[in-house]
Structure formats: C-alpha cells, structure tokens
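Input: a single structure, listed below in structure tokens.
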2 protein chains.
Amino acid sequence: MNAYERLTEYGIKPSVQRMAIMEYLMTHFTHPTADEVYMALCDTIPTLSKTTVYNTLKLFVDQQAALMLTIDEKNVHFDGDTSLHSHFFCRRCGRVHDLPYSGKKREARELLIEGHAVEEIHHYYKGICKDCSEAEKENKNFN
Amino acid sequence: MNAYERLTEYGIKPSVQRMAIMEYLMTHFTHPTADEVYMALCDTIPTLSKTTVYNTLKLFVDQQAALMLTIDEKNVHFDGDTSLHSHFFCRRCGRVHDLPYSGKKREARELLIEGHAVEEIHHYYKGICKDCSEAEKENKNFN
DNA sequence: AATTAAAATTGTAATCATTACAAACTTAAA
DNA sequence: TTTAAGTTTGTAATGATTACAATTTTAATT
C-alpha cells in the first residue's frame with residue numbers, strides 16, 4: 001500500500017504535502033517528532049511549512065492514520081504503525097523503540113473500562129535501551 | 001505515614017517546601033501539574049517559587065517518590081501514588097483517572113525486555129471519561 | 001555565638017515546542 | 001472564469017519548562 005491509498009483509506013484527501021508526510025511515516029519507524037519530519041522533508045519540498053507538518057500530523061492522528069506518542073515529556077513523537085504494540089523510551093538517547101504488546105489483546109475501540117470510553121491504549125516502558133547499556137559497558141557513548 | 005517520613009524514606013532531605021509539596025501529593029489524587037501544585041500552595045507559602053515546585057517534583061521523580069505522567073501532551077502530570085496502576089486521560093476535560101493495572105504483574109525494576117533495562121512501566125488509556133460521557137448525554141457540559 | 005561551606009530556594013530571563021491567525025495559494029465544482 | 005471551500009504558508013504569540021545567578025537557609029566547625 002502506498003501513501004496515496006493509505007490517506008484515502010483513512011478519509012484524508014491527498015495532497016503533495018500529506019503524501020510526503022505519510023510516505024515518511026510509512027518508511028521510517030523511528031517515531032519522529034514533528035520537527036524531525038519537517039527537517040527530513042524540507043529539502044525535497046522547499047516551500048514546506050512547519051505549521052503544515054503540525055497540522056497534517058494532527059489530522060492523521062484525528063483520522064487514526066497515525067499514533068501520537070506522549071512517552072517523551074520533551075517532544076511528542078508520531079508513529080505510522082497504528083497496530084497494537086508497546087514502546088520503550090530510552091532516557092539516555094531519547095529514542096523510542098518498538099516492542100510487542102504484552103497486555104491482554106483487546107480491541108481499543110468500543111471498550112468501556114470503569115465507565116470510561118476507551119479510544120486509545122498506550123503501553124510504555126522507560127529506562128536505558130540496549131544500545132546505551134552496551135555502549136556504557138564499553139565506556140563509549142552511543143550517539 | 002506523613003510527608004516527613006515519606007521524604008526521608010526515599011532519601012530526600014525534608015524542608016518546608018518539600019514537605020508541603022509531598023503532603024499535597026499524598027492528599028490529592030488528582031494527578032496535578034506543576035502549576036496546579038504551585039497554585040494550591042502559594043497561598044500558604046507566599047514565598048514559594050514555581051522553579052522550586054519544578055525542581056522538587058523532578059527530585060521526587062528521580063528518587064522514585066512520585067511518578068511523572070506523560071499521558072497528556074499539554075502538561076506533565078504528577079502522581080504521589082507510585083504503586084503499579086493504570087491511568088485514563090480524558091481528552092474532553094483533561095483529567096487523569098486512576099485504573100487498576102491490567103497487565104501482567106511484574107516488577108518494574110530489574111526487568112529486561114528485549115535487552116532494554118526497564119525502570120518504569122506506564123499503562124495509559126485515552127478517550128472520554130464517564131463524567132463527560134454522562135454530561136454529554138444530558139446535553140450538559142462537565143466542568 | 002560567629003564562621004564557613006554546602007545545599008536549597010527564589011526571581012528573572014531565556015528557551016523552545018506548539019498553536020493562532022490571517023494572507024496566499026490551490027482545487028474542484030458551478 | 002467565477003466562486004467557494006479547502007489547503008498551505010509565514011509570522012507572531014503562547015505557555016510550559018529550564019538556565020542561571022543571587023539570596024537565603026542549613027548544618028557542621030571553630
């Protein structure tokens with residue numbers, strides 16, 4: 001599936017900017033921030049505005065075509081993989097790693113928990129990631 | 001247990017400000033933001049600085065005497081209840097509700113997942129809370 | 001008690017991610 | 001081709017958080 005199809009599938013009218021941003025999310029599983037998306041695309045789309053990146057990512061999230069990760073208190077991260085999975089945030093290098101979802105497999109939508117209508121499930125781990133742990137052992141700095 | 005004991009237990013040297021902030025966390029389970037803590041205390045401690053509130057909450061989190069919740073992209077929330085439990089963030093009213101932890105009960109500390117050293121486990125739900133759902137049914141606004 | 005050093009607190013100013021807003025541009029329909 | 005609606009853009013504002021240096025407090029020592 002390409003970016004165009006993905007957008008229309010989620011009821012989003014395609015445009016050059018929207019396709020570029022979706023394409024980026026579909027090919028980079030680094031959980032980028034809005035700024036990282038902007039920096040990656042502003043060379044190929046020189047007229048791109050950061051406001052557009054923010055607006056577009058918000059649109060994707062509203063349409064459930066992307067996930068907004070609030071795992072990092074410094075920056076909001078975005079994830080083009082909307083399947084149910086967990087995340088690990090490394091407080092050393094600041095990266096977000098994917099992990100399989102370890103909770104009960106239940107549907108995110110149409111779920112009531114203690115009377116609250118659940119729309120999203122987020123499962124986060126925080127700590128020091130494998131790369132940073134190994135780098136520390138060797139007295140080296142990762143990054 | 002009072003605030004003084006709690007602080008010393010977590011290796012934090014007590015002070016008037018620290019005890020007031022810890023006392024607030026121990027008696028209010030509203031998951032306040034730094035600003036809410038400041039606003040609640042600045043009447044009784046008129047010289048209190050917002051910087052002190054930020055520094056102190058960070059100290060509590062570093063010493064694991066409180067949890068930092070990044071569930072809300074607008075504000076960091078704090079939780080004096082460090083036991084393993086889940087949270088529900090209402091995108092309507094912005095409040096954070098407690099929920100029992102539904103995942104596997106495993107120790108947060110000393111846990112390796114795919115090579116990553118886990119220090120914290122966070123389980124978040126997002127959606128519309130019970131109060132807001134009921135208020136909407138009655139065509140009223142909660143808040 | 002006076003001296004001193006370390007730690008804690010404070011206020012101000014800076015930072016920086018995000019948003020508001022209005023103008024400019026594009027699209028597609030009429 | 002006009003019109004309206006939707007989209008993009010740039011600039012300026014917002015607001016939470018942090019940096020920093022000065023002040024105050026604490027606690028140990030003389």
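Chain naming here is simple, since letters A, B, ... match the order of the sequence lines and numbering starts at 1 in each. Treat the numbers as computed from the prediction; the structure is a model and nothing was measured.
For Gln17(A), a side-chain nitrogen or oxygen approaches OP1 or OP2 of dT9(D) to under 4.0 Å. Of the side-chain N and O atoms in Lys74(B), one or more sit less than 4.0 angstrom from OP1 or OP2 of dT19(C).
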Enumerate, atom names and distances included, each donor-acceptor pair closer than 3.5 Å involving a side-chain atom of residues 35-47 of chain B, sequence neighbours excluded.
residue: Asp35(B); atom: OD1; partner: Lys50(B); partner atom: NZ; Å: 2.5
residue: Glu36(B); atom: OE1; partner: Thr33(B); partner atom: N; Å: 3.0
residue: Thr44(B); atom: OG1; partner: Leu41(B); partner atom: O; Å: 3.1

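The residue Glu73(B) sits apart from the nucleic acid: no heavy atom pair falls under 4.0 Å. The residue Asn75(A) sits close only to the backbone: its heavy atoms come under 4.0 Å of sugar-phosphate atoms, none of a base.
Atom CZ in Phe60(B) sits about 12 Å away from atom P in dA8(C), given to the nearest Å. Residue Leu7(B) contributes atom CG, which lies 12 Å from atom P of dA8(C) at whole-angstrom precision. Between the CD atom of Glu36(B) and the P atom of dG15(D) there is a distance of 15 Å, given to the nearest Å. Computed from coordinates, the Leu59(A) CG to dT19(C) P distance equals 14 Å when rounded to whole Å. Note: CG (Asp72(A)) to C1' (dT18(C)) measures 14 Å, nearest angstrom.
Nearest to the side chain of Lys13(B), among dA7(C), dT7(D), dT9(C), sits dA7(C).
Checked against a 6.0 Å centroid threshold, the rings of Phe29(A) and His31(A) do not count as neighbours. Here His87(A) and Phe89(A) keep their ring centres 6.0 angstrom or further from each other. Between His116(B) and Phe88(A), the ring centre distance stays below 6.0 Å.
Contacts between residues 38-58 of chain A and DNA chain C, defined by a heavy-atom separation below 4.0 Å, involve Thr51(A), Tyr54(A), listed by number.
Heavy atoms only, all atoms of each residue included: Asp81(A) and Asp79(A) are closest at N-OD1, 2.9 Å.
Using a 4.5 Å heavy-atom threshold, the side chains of His85(A) and Pro100(A) count as separate.
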